[in-house]
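Working notes for the structure below.
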Amino acid sequence: MGRETILRVADLKQHFKVSKHYTVKAVNGVSFDIHEGETYGLVGESGSGKSTIGRTIIRLYEPTAGVITFRGADISGTLREKEQTLLRTKMQMIFQDPMASLNPRKKVIDIIAQGLDIHKLYRTKQERQEKVERILEKVGLSREHANRYPHQFSGGQRQRIGIARALIMEPGLIIADEAISALDVSIQAQVVNLLKSIQEETNTAFLFISHDLSMVKYISDRIGVLHLGYLVETGTTEVIFERPVHPYTKSLLSAIPHANPLKEKTRVTLSYDYADSGIDYARGTEQALSATHSVLATEEDFSLWTGK
Amino acid sequence: MSETVLSIRNLSISFQTASGMVNAIRGVDLELRKGETVAIVGESGSGKSVTVKAIMRILSSNGQINAGSILFHYEEKGKRVTQDLLKLSQKEMRSQINGRRIAMVFQDPMTSLNPTMTIGNQIMESMIIHLKKSRAEAHERALELLHLVGICDPEKRMKCYPHQLSGGMRQRVVIAIMLACDPEVLICDEPTTALDVTIQAKILELIKTIQAKTGISVIYITHDLGVVAKVADYVTVMYAGKMIERGTVEEIFYDPRHPYTWGLLSSMPDMGSPNEKLYTIPGSPPNLLHPITGDAFAPRNVHALNIDFKLEPPMFKVTDTHYAATWLLHENAPKIEMSETLKARMDHVAKEAESEWGEKQSYELLI
Amino acid sequence: MRNYVLKRLGLAVVTLLVILLALFLMLELMPGSPFNDEKITQAQRAVLDAKYGLDQPVFNRFVHYIKAMLSGDFGVSYVIQKNMPISAMLEARLPVSIQIGFQAVLLGTAIGLLLGIVAALKHNSFADSLTTFISVIGVSFPSYVFALALSYFLGWKLKWFPLLYSSAAPFVSTVLPTIALSMFTIATVARFTRSEMIEVLSSEYIRLSESKGVGSARLIIVHALRNALIPIITVLAPLVVALMIGSLVIEQIFAIPGIGSLLVTAIQINDYNVIIAVSFLYSIMFIAIMLAVDILYGVIDPRIRLAKGEKHG
Amino acid sequence: KQGSGTTPASTESPSAPTASAAPEESPAAAKVLNLGKDVELASMDSAIATDGLSFEVIAATTEGLYTIDENRVPQLALAEKVDLSEDGLRYTFTLRDAKWSNGTPVTAKDFEFAWKRLVNPETASEYSFIAGVAGLKNADAIIAGEKSFDELGVKAVDDKTLTVELECPIPFFNSVIAFPSFFPVNEAFLKEKGTEYALTPEALLANGPFKLKTWEVGGTTFYLEKNNDYYDAGSVKLDGLNYKIIKDTQQSVLAYENGDIDYVALSGEQIASYQQSPEYHSVLTGFLWYLSPNQKVPGLENINLRKAISLAYDKTAVVDEILKDGSIVADFVVPQFLATGPDGKDYRETAGSYPSNNKEEALKYWEKAKAELGIDAIELELLFEDTESATLVSQFIQSEIETALPGVTFTLKSQPKKNRVELMYNGEYEVGLTRWGPDYNDPMTYLAMWTTDNPNNFGKWSEKAYDELADRVSRGDLASKPEERWEALKQLEAKVLEQAVIFPVYQKGNAILIKPEVTGVNLGSIGGSISYKLADKQ
Amino acid sequence: MGNPVQSFTGGDFELAGNSERAQMDHTYTSQSYGRDAFLRFKANKGAVFGLVIIIIISFFAAFGPMMNEHTYKSINIKHKSLPPRIEGLENFFIFNGVANGVNAYEQKGLTDVYYIFGTDTLGRDLWTRTWEGTRISLYIAVIAVAVDMIIGMCYGLVSGYFGRSVDNVMQRFIEILSGIPNLVIVTLLIVVLKPGFVTVTLALMITGWIGMSRVARAQILKLKEQEFVLASRTLGAGHFRIIFKDILPNIFGQIIIMSMFSVPSAIFTEAFLAFIGLGIPQPMASLGSLISESFKSMTIYPYMIVAPVFVLALLMLSFNLLADGLRDALDPKMKES
Ligand SMILES: Nc1ncnc2c1ncn2[C@@H]1O[C@H](COP(=O)(O)OP(=O)(O)OP(=O)(O)O)[C@@H](O)[C@H]1O
Ligand SMILES: Nc1ncnc2c1ncn2[C@@H]1O[C@H](COP(=O)(O)OP(=O)(O)OP(=O)(O)O)[C@@H](O)[C@H]1O
Ligand SMILES: [Mg+2]
Ligand SMILES: [Mg+2]
């Protein structure tokens with residue numbers, strides 16, 4: 001793929017020190033990159049570190065180790081003014097819970113314009129309002145919604161407000177952490193459509209974090225499979241879904257329920273238990289199967305799985 | 001067909017709120033038979049949870065039941081009894097029905113366990129209350145249950161507090177709690193929404209196994225159609241506090257009749273090819289604060305008829321098991337079919353199923 | 001856990017030292033001296049100051065005090081009970097204050113919880129309004145008004161309880177002061193219990209317990225209350241300290257030989273050693289109770305048990 | 001029933017069996033007097049004690065050379081005989097046979113020891129000055145640190161004989177040494193107890209009618225039982241005294257009505273409701289309450305302003321409507337019943353009388369003051385302490401002055417007593433409501449205050465003539481000429497009042513209730529404290 | 001279930017032509033926040049009652065003292081200690097000038113004298129003094145709330161928001177401050193200050209805010225990990241902005257309620273300060289000092305304490321009701337349960 005890389009994550013580690021004797025190693029040396037205008041899906045079981053990666057990239061957490069490069073700037077160290085502004089405007093986040101992520105005491109216009117306010121990106125009140133209204137329409141809301149409060153919207157609309165808040169900054173990368181998990185099916189579709197059309201229009205890249213694999217499959221160009229803080233497999237959507245290598249990926253895929261009762265009644269899920277599998281992620285290295293497809297494995301495991 | 005365990009008739013519930021009365025449930029009928037699974041699907045806010053909370057009689061205090069009955073048929077000392085649950089006192093309900101005959105698994109595993117009590121005690125509690133078991137017996141049974149729901153090292157886990165377990169484990173504990181008194185009916189309100197797919201799959205399978213073993217009836221609430229496909233025998237589709245379509249799972253998936261059901265099925269991502277937009281149902285559900293005339297779905301229905309705005313459609317019968325509340329089924333209505341894309345996908349799905357299931361599977365379901 | 005407690009204890013020692021130092025500096029700034037009776041001549045005052053070392057610079061006195069304190073010597077009283085070792089005074093008075101304070105805490109908490117629970121259960125009912133009313137009254141009337149009213153009606157008119165404290169009847173004679181002292185606690189606890197219980201009672205796990213068929217008494221006591229307890233003990237803790245150390249007016253009204261009156265008297269007449277010792281005692285109790293509360297948090301709510309976690313309020 | 005005195009003496013007095021009774025489980029037969037007091041017992045050490053209750057209890061357990069009877073006359077107590085030298089500078093006391101409660105006899109040594117201990121800087125007695133008041137030889141020099149305490153003019157010649165040397169003749173010497181500070185202390189016992197001395201009943205000796213039986217540290221009760229070793233034990237009828245400390249007066253009155261206590265001091269509004277009761281008594285004390293204007297405050301140096309203020313408030317209303325406790329209007333400096341002159345009459349009977357309250361006069365003075373000062377309004381601050389009566393009196397005075405003298409405004413400043421004293425001591429006040437209690441029964445205990453160097457001359461009024469006369473009266477030629485001295489004292493008082501150095505308000509009375517069945521209590525008098533020696537309870 | 005027998009008109013079964021209509025929503029009526037809050041507030045009977053009482057009390061506090069010829073300090077010693085008597089009610093059983101069975105008015109020969117709340121022991125009109133006192137107490141209430149809001153709230157917010165060592169240090173500081181008895185600190189103020197409003201304000205500022213800071217801290221701990229806060233952070237909002245603009249509005253209701261609880265203790269603290277000479281100088285009296293003043297003769301003239309206690313209790317009740325109402329009204333998503 002000849003597209004330019006917008007985000008590069010190299011050997012990212014995130015450890016939380018809970019107490020003197022107990023440290024949660026949430027992320028253990030994860031590397032991947034995201035190209036301009038691309039959607040990168042991050043999947044994995046609950047607690048595998050998906051949110052942690054997202055939040056570390058956007059610097060809600062201080063990374064323990066590793067380098068994050070965004071548009072060529074290193075944003076993993078102490079941020080200088082310039083990097084700070086770049087990060088805070090050109091990288092945005094959409095949150096899981098549409099209600100919780102909107103300040104209930106603020107009007108929609110103020111929620112959406114917050115980024116503009118912080119970075120003083122308008123000259124007049126008029127301009128601010130226009131910008132907000134333009135973005136509202138872009139996400140499929142109307143101008144008159146600007147003066148309402150979040151609780152006066154339905155779940156799908158609220159998530160649109162969250163998206164508008166991110167979009168108004170004209171970001172290059174949006175991190176969507178479970179952005180649709182809290183919504184029901186029909187609303188999910190609305191939001192996903194919206195994200196897709198925005199991407200087409202603005203060439204924004206997405207880091208799409210979800211455990212809903214069918215949605216991830218639908219929206220992503222490439223996928224990373226995360227388990228216990230390790231990126232066990234990454235590749236294009238097609239490759240991951242058609243030719244998964246890692247046993248965890250396989251088990252994950254087999255668990256996706258399909259809206260087909262006859263098929264569902266017989267389908268069996270492959271079980272995968274790290275403890276029993278005899279696999280040690282810490283010993284694995286990144287083994288490339290192709291330019292875009294790689295898997296975390298030791299040499300022996302790798303040959304075992306691929307038959308090579 | 002096996003005997004009826006639970007039947008809801010014309011249930012209507014409203015809530016008093018600061019801005020007025022919310023008519024959350026507007027005449028719901030539901031039938032649950034022994035050993036079967038009914039799934040209730042529908043958008044958020046369509047009244048799924050309220051319906052089942054009414055069965056458990058745990059509606060919040062601002063809710064009131066305006067009309068209807070919830071008839072529960074069970075055996076008491078060898079005799080078959082029919083009891084309207086709405087007529088029982090709170091106390092009778094707690095001591096005779098709740099937990100003992102009807103149990104409910106809650107939506108959110110993170111908040112539905114008491115954070116200050118060990119899970120062992122939470123499991124044993126209802127056995128001690130209802131079955132008058134000694135602590136030792138209850139302990140024994142709790143271990144068994146934990147084992148049954150697939151929690152390893154139950155002895156140790158009994159002493160854990162909820163926060164020491166993962167989401168999936170917690171959800172299993174909730175299921176174990178609910179199975180403790182061998183209920184006849186198990187209600188699962190979105191038991192897997194908060195879980196990831198692998199754990200979800202495990203839990204769904206677990207419930208199925210238990211059902212196969214003990215023959216309990218299950219009401220399943222979800223808006224994930226994949227889950228429905230996996231577990232349900234019958235499906236009821238709710239919209240704005242009403243049942244709008246019901247039928248066997250195959251009828252609903254392969255031959256839906258209500259435009260809302262069409263919309264629901266169409267918006268599933270794995271039905272579309274990746275480059276196309278997902279189908280969405282336009283608009284949003286009605287505000288139940290305001291009275292609804294005609295079909296509640298009409299404003300969002302691309303196939304709405306003029307009458308939809310005036311008169312509420314009755315339940316039209318499609319087959320013995322399949323009913324739908326849409327004027328489109330009226331003999332005078334124009335012949336409107338589901339969209340081409342949806343139809344194509346249905347075919348595809350049916351083929352898929354067919355290829356896996358072989359000839360003997362019911363073709364007649366596919367019109 | 002043990003490490004945590006040790007660490008907190010270490011911090012407490014530092015905090016106490018700072019408090020002591022602050023007290024010394026403050027007393028230095030305080031007007032007058034213990035010996036400024038009209039009758040005392042300047043010369044005699046100097047003699048007195050020299051005798052008690054008050055002519056020394058503050059810092060020397062501070063160091064000296066700490067040294068003496070480590071050997072259990074808190075100095076002597078200058079005015080209240082002249083030349084009486086403070087340790088003996090505290091030894092005699094503390095148990096009384098603690099006993100009455102403890103009773104008041106117990107009574108206040110019990111009734112407060114009861115009222116709060118009833119109000120939460122019968123939310124928006126008459127009982128609820130009554131609780132609000134009681135808790136507002138409880139905080140807006142000073143305790144001495146209660147105390148005197150109780151003495152007047154229950155002690156004097158009806159003769160149910162003795163008016164005065166008597167070490168020979170340590171329970172009966174403390175009934176009235178206990179009630180008077182507990183009013184504020186009742187009010188506060190009732191109010192917090194109410195709002196906390198309303199929240200807890202609307203939570204999912206209570207729904208789940210209901211649907212398990214748990215009876216209402218058990219539901220409230222076993223399931224709901226414990227979860228509502230954290231904020232309640234948070235507001236209760238400072239009250240406990242205040243109650244244990246006693247209240248000036250209540251002690252005066254019921255002739256209780258407690259600590260509360262001691263401090264106020266001492267401050268008014270500059271009885272330095274008493275001020276320092278009682279303040280110090282107060283600080284120790286305060287810090288100890290705060291630590292106890294932090295540990296209790298973990299006991300009540302296992303989620304906080306890692307002890308490192310944030311506490312409420 | 002005004003004035004000092006005793007409750008009606010018991011008619012028949014067969015002394016009761018003297019079973020010692022513990023405070024709480026006093027058997028019905030035992031005659032125990034229950035006394036309500038509003039302060040704690042601060043000290044039982046006669047050299048350390050400073051407050052009324054301590055002196056009262058010390059006096060109940062210990063006797064000195066003299067006691068003051070109900071007519072304020074010093075009577076020989078432990079002294080059997082006294083000889084005074086011609087020049088009035090040398091007293092020789094012969095002691096009677098008396099025993100301490102541990103069986104050792106009371107000797108002249110005990111007096112010598114106690115008196116020297118009083119002035120010994122190591123003792124750091126707050127009352128050491130009284131040795132100077134008594135005129136003991138070298139006392140002032142010792143206190144000033146110029147001489148050793150050993151050089152005090154007191155000496156035990158033998159066990160029974162005590163000689164005392166004075167600096168100058170002191171007319172009121174007998175009444176001064178009746179004061180508890182001059183009570184004997186047994187040296188051996190004190191040395192044995194060390195720092196513990198007088199802190200517990202066990203570390204205390206008695207030679208008086210009662211002895212301390214229980215005294216819990218910080219306790220609100222303490223109990224005195226009859227001392228059978230007392231030389232006059234036969235006339236003691238009570239088995240014990242049970243003191244209860246109840247600081248809240250309303251509560252103590254309830255307790256009195258309940259029968260928990262037999263004696264209670266009244267205050268505030270309660271007095272009004274009991275004034276008609278036969279159980280009500282009031283005792284006039286020697287305390288004079290007065291306003292002290294600070295001469296250093298601009299305006300107050302003007303005598304007309306001072307006079308205006310001093311005449312502007314209604315003292316009758318203060319004593320009759322506000323205090324009602326038997327206090328009397330004070331238009332004077334030297335209180336009533338304080339001192340008896342050489343003519344055997346009370347000082348006040350022969351001293352001049354001065355205008356009380358005259359608002360017209362006051363206004364005239366104010367007009368003059370305005371003219372002289374060139375002002376037409378003045379704002380002054382009235383400092384007072386935070387007791388109930390002082391607060392009420394100050395508010396009343398403020399209101400009276402402000403209405404009587406248009407243009408004069410008073411702001412009120414209330415402070416705890418210690419602070420009030422400190423502020424006045426340092427001259428940081430404008431007008432202060434303060435009081436003075438006598439140390440001995442002579443007008444000089446008051447009049448000495450307005451000499452230039454007296455530290456209690458808060459207002460810093462100063463006049464050479466006054467200083468000279470005062471000096472002659474106390475130490476100079478007049479000291480040995482009683483009649484002339486008496487006249488000089490009257491001149492001094494007249495000066496203070498004419499110059500409006502202070503504005504007297506009232507002489508304090510104490511209102512108390514005593515159960516009718518209690519008889520024979522000497523309610524105390526100016527310069528002496530309450531005595532229960534002869535009290536009885538039916 | 002058959003099709004119902006019903007007659008339909010011709011056009012009933014024609015398509016309504018919905019397909020092109022953008023049906024986003026018309027379900028949520030747009031109503032301004034202020035109006036919404038006002039309506040919610042109006043619907044809350046308790047809150048309205050509270051507000052009305054506060055208005056009435058404030059009215060009397062402002063104009064009550066002018067309603068008769070007495071001032072708070074005009075002493076008429078002849079009229080001392082008179083029980084309440086209202087003209088026209090002489091023959092009723094209250095306000096008839098009778099206390100303890102005697103008519104003090106008749107006793108003193110005051111036939112045409114009326115004091116609504118009676119007089120105090122110096123013969124000052126309690127009606128005037130009560131309302132003057134109310135005025136001061138209202139001021140104290142305002143100060144207490146302001147201290148809570150400005151110091152307590154900010155302290156708690158900062159401590160809770162930054163957490164870790166900042167929190168640790170700030171909490172230890174509170175520990176030290178609470179460890180030193182308040183009275184010691186307040187007594188020190190005597191040295192530097194003249195009694196009056198400033199002193200009271202300062203005294204309240206020293207420790208009056210600690211309770212509130214704990215509440216604010218607990219609240220912010222709950223909220224600071226909320227997603228909307230994270231959202232602000234990802235937009236690069238500064239700490240100040242997050243604390244005061246994002247979080248504060250969400251906990252303000254709670255804080256109002258808590259601050260109401262600190263009002264009575266502030267009022268009594270003032271009374272105590274007045275007593276030791278630091279409060280409002282006599283003869284001016286706040287409700288608190290009126291209460292402690294009349295407490296001294298409570299068993300003899302119980303009526304003297306009634307008026308201030310009653311006004312204070314009513315005021316507190318109203319404040320609390322109002323605060324509850326405000327919290328609910330300010331919460332746009334108020335949940336019913
Ligand atoms: N602030 C924190 N302190 C300590 N541990 C943390 C913290 N944040 C996350 N963790 C831990 O890190 C691990 C990864 O958490 P993370 O939230 O990234 O998982 P996730 O993949 O997003 O899960 P989910 O699907 O449930 O959202 C978990 O074990 C979690 O408990
Ligand atoms: N306590 C309540 N007070 C007011 N309205 C309520 C209450 N409980 C439920 N409702 C309303 O009833 C309707 C149905 O709610 P319900 O919880 O049954 O939805 P649901 O179908 O379970 O949705 P979800 O999928 O989001 O769980 C909603 O409109 C909701 O707002
Ligand atoms: Mg996550
Ligand atoms: Mg639901």
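Order of the sequence lines sets the chain letters (A, B, ...), proteins ahead of strands, with each chain counted from 1. Computed over heavy atoms, backbone and side chain alike; hydrogens, waters and symmetry mates excluded.
Side-chain N or O atoms of D:W436 include one that pairs as donor or acceptor with a backbone N or O of D:T445 at under 3.5 Å. Side-chain atoms of C:D271 come within 3.5 Å of backbone atoms of C:Y78 as a donor-acceptor pair (strictly under, hydrogens ignored).
Contacts of D:D45 classified as salt bridge (charged side-chain N to carboxylate O under 4.0 Å, His left out), with partners at least two apart in sequence or in another chain: D:R117. The ring pair (Phe, Tyr, Trp, His ring centres under 6.0 Å) search around C:Y144 returns E:F295, not counting sequence neighbours.
When heavy atoms are compared at a cutoff of 4.5 Å, D:N258 approaches chain C by way of both its backbone and its side chain. Residue D:E196 does not touch chain C at all, counting heavy-atom pairs closer than 4.5 Å. For D:D386, the part lying under 4.5 angstrom from a heavy atom of chain C is the side chain only. No part of D:L423 comes within reach of chain C, as not one of its non-hydrogen atoms sits under 4.5 angstrom from that chain. The contact between D:P121 and chain C is made by backbone and side chain atoms together, counting heavy-atom distances below 4.5 Å. Heavy atoms of C:T265 lying under 4.5 Å from chain D belong exclusively to its side chain. Using a 4.5 Å cut-off between heavy atoms, D:T50 contacts chain C through both its backbone and its side chain. Both the backbone and the side chain of D:I143 have a heavy atom closer than 4.5 Å to some heavy atom of chain C.
Counting heavy-atom pairs closer than 4.5 Å to chain C, the top residue among D:P416, D:S125, D:S54 is D:S125. Heavy-atom pairs under 4.5 Å with chain D peak, among C:D49, C:L262, C:L163, C:I80, at C:L163.
The aromatic ring centres of C:F24 and C:Y65 sit less than 6.0 Å apart. Taking the six-membered ring for Trp and the full ring otherwise, D:F179 and D:F55 have centroids separated by under 6.0 Å. Between D:W115 and D:F182, the distance from one ring center to the other falls under 6.0 angstrom.
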